[in-house]
**Q** 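Would you mind keeping the following structure in view while I ask a few things?
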Amino acid sequence: MNVPVTQDKAAPVEAFDVEAVNRRTRQKLYQARVKVFPKRTWGTFRNLKWAVMAVTLAIYWITPWLRWDRGPFAPDQAVLVDLANRRFYFFFIEIWPQEFFYVAGLLIMAGLGLFLITSVAGRVWCGYTCPQTVWTDLFIWVERLIEGDRNARMKLDKAPWGVEKIAKRVAVHAVWLVIAVSTGGAWIFYFADAPSLFVNLFTLQAPPIAYITVGVLTATTYTFAGFMREQVCTYMCPWPRIQGAMLDEDSLLVTYNGWRGEPRSRHQKKAAAEGLDIGDCVDCNACVVVCPMGIDIRDGNQLECITCALCIDACNAVMDKLDRPRGLISYSTLRGHNANAAEAERAGRATATAHQRTVGVSHIARPRTLLYFGLWSLVGLVMLGALVTRDRLDINVIPDRNPLYVTLSDGSIRNGYAVKILNMTGEPRQFEVALDGLPGAAMWEAGSTEDSATRAIAVDVDADRLREVKVFVSQPSAAVEPGLTGFAFTVRDLAGSESGRADADFYAPGG
Ligand code: SF4
Ligand code: SF4
């Protein structure tokens, strides 16, 4: 029912106690990017990052060129996703489509491994091995090599366009493009014989999808590592959000030890002379200018922090110069940080600094990490066991449906079957296919005559191939059971020990 709404125009205007949702609390929908110019730093974690970058890039670019001898009937590329023949080769392992659960298992292991690593060492994946981090680091290195370190790059960025700026920018972008193209190029080599595809690419003989893939990966590499950089981690990647739900008091984080650094002061000597109680932080901002994410770790744990630890290196260098103990910024857990802060409160900053707690074994061996490790190991062992004991032979039988059976002139009953034998090795093999059960029955291959009927036939199967053999099975009338009778086809490698079996039904009238 519609209720008419009326308004008393003579009543005074009412004031509501409310505040617009976007006042003070809401940020603009679009925030322009503030360009980040990370400064070069030196130290343990920077060296570790260089090493990880070199290893991961080498693995990515070299792997498709590694060869692995699998005999004359299989490709010799060590790692190959052979889409045309529906195979995945990984050194001595060959995965067929029906064995895709191995790949699923590997993905589960990768997921559990990421959880395990995160719970032990925080976002080391983000800080060291994520492709976005590695390629961005590489692009920044190129930029620094050509344009100079932070100040020079900032100066060049602000400078009007001139010969020097154009020359440097063209050089930077040219090298970036070479890296981006070789990144896309390396990817497609995982899906075809790398040397042949390399030649085909340059002689324009490669399939269009190869050029399209290289083009797409070139564009994404160039854009993500050259321009978007930290924005990919902050806005596009779901991992920082997922990780937020995984953090606990024992999660390893790059931490500014405020209990030791605050109150910060740029005028330490003056403050000390005035008898002020000041912390170790000299507010030099060295930790901020080296940060590839452009954040200030002194603001606390932040979603943007990829825990690359470069701010630790930068601050340690400052502490060395000031002759203060390292670790004003350090890898720490919330529990460890709070214990240090409590110690500083109780015994004073100097004592707490002298006994600053670092991460110990108890941080690694705790219920959560042990659970992840247990699950990860379990999946790995199950996969390994399945891989070691898996068959390289498979048999599958499909009975004829129309007709289900044929009554021959002598009264015997004949059924037809398609017997599929899968030889999953790199060598041609000869198998014996035999009947198990079905008394008095014999079989023969389609194309030969019933006179050749026997209990077992020999079947040759090429290397790495599936062969389908059409066979007829007949049973004398005296032995036939009415209705359905179960029996089996067995298959045996005549030169080896492998064997298999497939159940089947024999149809006869009656029942
Ligand atoms: S580098 Fe260390 S001393 Fe300098 S501002 Fe950062 S935390 Fe403070
Ligand atoms: S705050 Fe430190 S650890 Fe975090 S991203 Fe910046 S430099 Fe890396």
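Numbers for residues simply follow the sequence, beginning at 1. Being a predicted model, the structure only gives us computed values, none of them experimental.
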**Q** Any side-chain heavy atom of Tyr331 sitting closer than 4.5 Å to one from Ile312?
**A**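 A side-chain contact under 4.5 Å exists here.
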
**Q** Side-chain contact, heavy-atom cut-off 4.5 Å: Tyr211 with Leu204?
**A**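 The answer is yes; the side chains approach within 4.5 Å.
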
**Q** Less than 4.0 Å between a side-chain N and a carboxylate O, is that true for Arg392 and Glu99?
**A**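 Yes, this pair counts.
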
**Q** Do Thr136 and Pro292 have side-chain heavy atoms sitting under 4.5 Å apart?
**A**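 Not in contact.
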
**Q** Taking the basic N atoms (NZ, or NE/NH1/NH2) and the acidic carboxylate oxygens, is any pair closer than 4.0 Å for Glu143 and Arg229?
**A**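 Salt bridge between Glu143 and Arg229, a charged N being under 4.0 Å from a carboxylate O: yes.
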
**Q** May I ask you to check whether over 12 heavy atoms, not counting those of Arg33, lie within 6.0 Å of atom CZ?
**A**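 Count over threshold, so yes.
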
**Q** Is there a salt bridge (Lys or Arg N to Asp or Glu O under 4.0 Å) between Arg87 and Glu94? Walk through the geometry before answering.
**A** CA-CA 7 Å; Arg87 302 278 193 289; Glu94 180 184 349; 3.3 Å; yes

**Q** Tyr60 vs Trp187 aromatic rings, parallel, tilted or perpendicular, using cut-offs 30° and 60°?
**A**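 Rings of Tyr60 and Trp187: parallel, under 30°.
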
**Q** Can you check side chain to side chain contact (heavy atoms under 4.5 Å, CB included) on Thr333 and Leu252, steps first, answer last?
**A** CA-CA 5 Å; Thr333 63; Leu252 201 59; 4.2 Å; yes

**Q** For Phe139, does its backbone N or O pair with a side-chain atom of Trp176 as donor and acceptor, under 3.5 Å?
**A**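 Here the side-chain-to-backbone pair exists.
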
**Q** Quick one: does Cys305's side chain get under 4.5 Å of Met293's, heavy atoms only?
**A**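 With C-beta onward as the side chain, the pair stays apart.
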
**Q** For Gln132 and Phe224, work out which heavy atoms get closest and say how close.
**A**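 Between these two residues, the closest heavy atoms are NE2-O, 3.1 Å.
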
**Q** Walk me through whether Asp137 and Arg46 qualify under salt bridge (Lys or Arg N to Asp or Glu O under 4.0 Å).
**A** CA-CA 11 Å; Asp137 224 11; Arg46 180 61 268 183; 2.7 Å; yes

**Q** Can you confirm whether more than 12 heavy atoms, excluding those of Trp376, are under 6.0 Å from its CH2 atom?
**A**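 It does not: Trp376 CH2 has 12 such atoms or fewer within range.
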
**Q** Determine whether more than 12 heavy atoms belonging to other residues, nucleotides or ligands lie under 6.0 Å from atom CZ of Phe91.
**A**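 Yes.
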
**Q** Is the shortest side-chain heavy-atom distance between Phe90 and Tyr102 below 4.5 Å?
**A**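 When only atoms from C-beta onward are counted, Tyr102 and Phe90 do not touch, as no gap falls below 4.5 Å.
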
**Q** Output, in order, the C-alpha distance, side-chain angles, deciding distance and verdict of side chain to side chain contact (heavy atoms under 4.5 Å, CB included) for Phe489 and Leu435.
**A** CA-CA 5 Å; Phe489 285 95; Leu435 296 175; 3.7 Å; yes

**Q** Testing Arg368, Arg335, Arg366 one by one against Glu249 for a salt bridge (charged side-chain N to carboxylate O under 4.0 Å, His left out), which residue passes?
**A**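 Exactly one candidate clears the test, Arg335.
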
**Q** May I ask you to check whether Thr183 and Trp135 show a side-chain donor-acceptor distance below 3.5 Å?
**A**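 Thr183 vs Trp135: donor-acceptor pair found between side chains.
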
